[in-house]
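For reference, the structure is listed below as structure tokens.
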Amino acid sequence: MIDFKNEIGKLVSKNFENLNEDTITELLEIPPNYDLGDYAMPCFRLAKELRKSPNIIAQEIAESIKGDTLFEKIENVGPYVNFFIDKKQLAKTVLEEVINRKEEFGSANIGNDRNVIVEFSSPNIAKPFHIGHIRTTVIGQSLYKIYKFLGFNAIAINHLGDYGTQFGKLIVAFKAWGKTEEVENNPIPELLKLYIKFHEEAEKDSSLEDEARMWFSKLENGDEEAVGLWQWMREVSLKEFSRVYNMLNIQFDSYAGESFYSDKMPKVVQTLKAKGLLTESEGAQIVDLEAYKMPPALIKKSDGSTLYITRDIAAAIYRKETYDFYKNIYVVGSQQNLHFQQWFKVVELMGYNWVKDCVHVPFGMVSLEEGTMSTRKGRVVFLEDVLKNAVDKTKEIINDKNPNLENKDEIAKQVGIGAVVFQELFNSRIKDYTFSWERTLSFEGETGPYVQYTHARANSVLSKAEYDVTADVDYSLITNEEAINVIRLLYSFQSTIIAAMEKNEPSFIARHIVDIAQAFNKFYHECPIIVEDKELQKARLLIVFSAATAIKVGLGLLGIEAPQKM
RNA sequence: GUACCCAUAGCUCAGUAGGAUAGAGCAACGGCCUUCUAAGCCGUGUGUCCGGGGUUCGAAUCCCUGUGGGUACGCCA
């Protein structure tokens with residue numbers, strides 16, 4: 001595609017020797033509305049250097065450029081120079097790009113096949129997969145897809161919470177009150193019951209906590225009974241999780257969870273000791289971080305067993321050795337900000353300069369209307385229930401609006417789950433929010449189903465017209481504002497995807513495809529597409545095809561399906 | 001107590017690297033299906049951009065400060 005910013009840079013610098021292309025393109029911005037052009041160049045900052053008023057500079061620049069074919073108009077308004085792109089040129093460059101690239105539209109080879117690890121989802125074994133896990137799961141999946149789309153070799157890692165004192169607790173609880181058959185039949189809920197019971201009983205009898213620590217210690221030392229029970233719990237839990245992953249269509253390249261690193265930790269402790277970073281404090285082994293205004297990092301408990309932070313360090317080192325990552329991304333809630341800061345600092349102190357490539361991508365908390373979620377208190381909303389409810393609601397809507405639709409169940413699944421995922425990805429990561437059924441199950445306005453609906457509608461037109469993609473189009477027929485607005489959004493599609501990658505923010509893409517859908521729907525209402533004039537029809541169908549393609553690609557990057565009909 | 005995060009319309013939120021009149025969706029009300037999918041489109045209204053300073057030609061955006069809310073701070077993850 002033509003890079004219009006660069007073209008403006010060339011045009012202006014040609015006439016003004018003391019302005020080079022880069023300073024011009026850096027100044028360029030997109031005006032508040034299209035009446036003021038496609039690009040604007042504010043001249044305030046040039047005023048000092050050129051010793052003229054911004055208005056005069058803008059006037060001189062505007063007057064110096066005459067008769068360029070890429071721009072239909074270049075005008076001066078006060079201190080701004082406004083550039084209006086020639087509509088035919090814009091339509092041609094954008095629509096030809098879509099034709100040439102189809103569902104690769106928007107992709108780019110920025111990554112050069114370098115490895116980017118995305119760690120996400122990472123639920124705790126033996127605990128329910130609840131609504132609090134949705135953000136990491138869905139944001140992680142989307143980032144994984146975005147990096148791939150931009151030419152990186154993305155690696156999805158599910159860092160399962162399959163280790164730690166909690167397993168000591170579960171083993172104690174299972175041995176005391178559990179029944180194998182009940183757990184086999186209904187693993188997560190039964191294990192959760194045991195976990196809750198443990199905490200209730202431990203309040204009365206604190207020796208249970210010690211017993212739990214002892215069992216975890218046994219597990220770490222390879223005690224046969226402990227390892228056997230642990231393996232069994234891990235297996236039945238994973239089977240449950242995979243149901244949700246299948247619904248969301250998520251695959252992982254690795255399930256190397258915390259337990260995977262258990263034999264890699266002694267070396268970390270050794271290195272820390274060798275580098276003189278480890279000190280003893282209250283019987284535990286710590287790395288003092290006071291010089292960096294942080295609380296100390298606990299490496300080993302007083303009973304000798306390890307902690308979360310030690311495992312994360314071991315995992316990072318292992319990943320560097322195994323994948324030689326370009327970036328190592330952790331999609332983990334903002335509650336763990338300090339934890340990441342601490343262990344990043346420890347790794348830095350160990351002398352590993354690749355720590356700069358480790359990125360914590362935090363996100364805000366999900367709470368319930370009743371208050372914060374608590375597994376121990378059993379106050380949770382299961383993710384599977386949310387997805388199922390959304391699918392059921394979608395089925396009702398389909399029966400109401402489009403009862404003759406084929407594959408109702410499949411489409412209800414795509415739309416219902418799409419609605420939940422989209423809602424999750426539409427807002428900035430960092431914001432906290434309260435889960436609400438009403439909002440999750442609303443399908444109008446800025447929602448997944450709205451975008452999917454727009455895609456299906458576009459497809460319906462294409463199939464009615466028996467459209468064949470062709471570049472043999474008279475682009476000068478594309479003149480109306482509604483059509484051009486769609487094309488403008490398609491033009492900025494790729495830069496939006498790149499920004500989403502740079503900021504690790506899938507919501508950029510979600511918002512952009514809503515914009516495309518809105519612009520398309522206006523176009524759809526204003527301009528009849530299947531018309532007498534076949535040349536005009538061809539041009540408009542190409543816009544329909546292009547908008548549908550971009551929406552499909554965008555939804556794909558969010559991990560959402562784009563059904564042909566709905 | 002200390003650190004970090006958040007604060008924009010009745011509600012949920014956008015607002016690119018500081019730039020021209022601060023925008024969407026929802027909710028409310030009123031229109032539009034004999035024509036390409038009405039999960040749609042069009043119209044109507046609302047803002048001390050949390051308060052106060054500062055930097056700047058220019059601040060919702062950057063800095064300082066206060067307020068309100070959230071999170072985290074040694075043997076959980």
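Here is how names work: the chains are called A, B, and so on, in the same order as the sequence lines, proteins then strands, and each is numbered from 1.
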Extract from the structure each pairing of a protein N or O with an N or O of nucleotides 70-72 of chain B at less than 3.5 Å, listing the distance.
residue : atom : partner   : partner atom : Å
G70(B)  : O2'  : Asp432(A) : OD2          : 3.1

Find every protein N or O atom lying less than 3.5 Å from an N or O atom of nucleotides 1-8 of chain B, and list the pairs.
residue : atom : partner   : partner atom : Å
A7(B)   : OP1  : Lys431(A) : NZ           : 3.1

Anything under 3.5 Å between a protein N or O and an N or O of nucleotides 42-47 of chain B, put it in a table, one pair a line.
residue : atom : partner   : partner atom : Å
C42(B)  : OP1  : Lys522(A) : NZ           : 3.3

Interface polar pairs with nucleotides 62-65 of chain B, N/O, under 3.5 angstrom:
none

Could you tabulate the donor-acceptor pairs under 3.5 Å formed by side-chain atoms of residues 334-343 of chain A, not counting sequence neighbours?
residue   : atom : partner   : partner atom : Å
Ser334(A) : OG   : Phe363(A) : O            : 3.2
Gln336(A) : OE1  : Tyr308(A) : OH           : 2.4
Asn337(A) : OD1  : His360(A) : ND1          : 3.4
Asn337(A) : ND2  : Ser334(A) : O            : 3.3
His339(A) : NE2  : Asp312(A) : OD2          : 3.4
Gln342(A) : NE2  : Pro295(A) : O            : 2.6
Gln342(A) : NE2  : Pro296(A) : O            : 3.2

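For Ser442(A) and C26(B), the shortest distance from a side-chain N or O to OP1 or OP2 is not below 4.0 Å.
Straight-line distance between the P atoms of G1(B) and U56(B): roughly 35 Å, to the nearest whole Å.
Checking A14(B), C75(B), C36(B) against every side-chain atom of Ser460(A), the shortest atom distance belongs to C36(B).
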Take Phe4(A) and Phe83(A), measure what ring pair (Phe, Tyr, Trp, His ring centres under 6.0 Å) needs, and give me the verdict at the end.
CA-CA 10 Å; Phe4(A) 290 102; Phe83(A) 298 84; over 10 Å; no
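Residues Asn20(A) and Thr23(A) bring a donor and an acceptor atom of their side chains to less than 3.5 Å of each other.
Between Phe216(A) and Tyr163(A), the gap from one ring centroid to the other is short of 6.0 Å.
Stem analysis of RNA chain B (at least three stacked-register Watson-Crick or G-U pairs, each with both distances under 3.5 Å) gives B:1-7 with B:67-73, B:10-13 with B:23-26, B:28-32 with B:40-44, B:50-54 with B:62-66.
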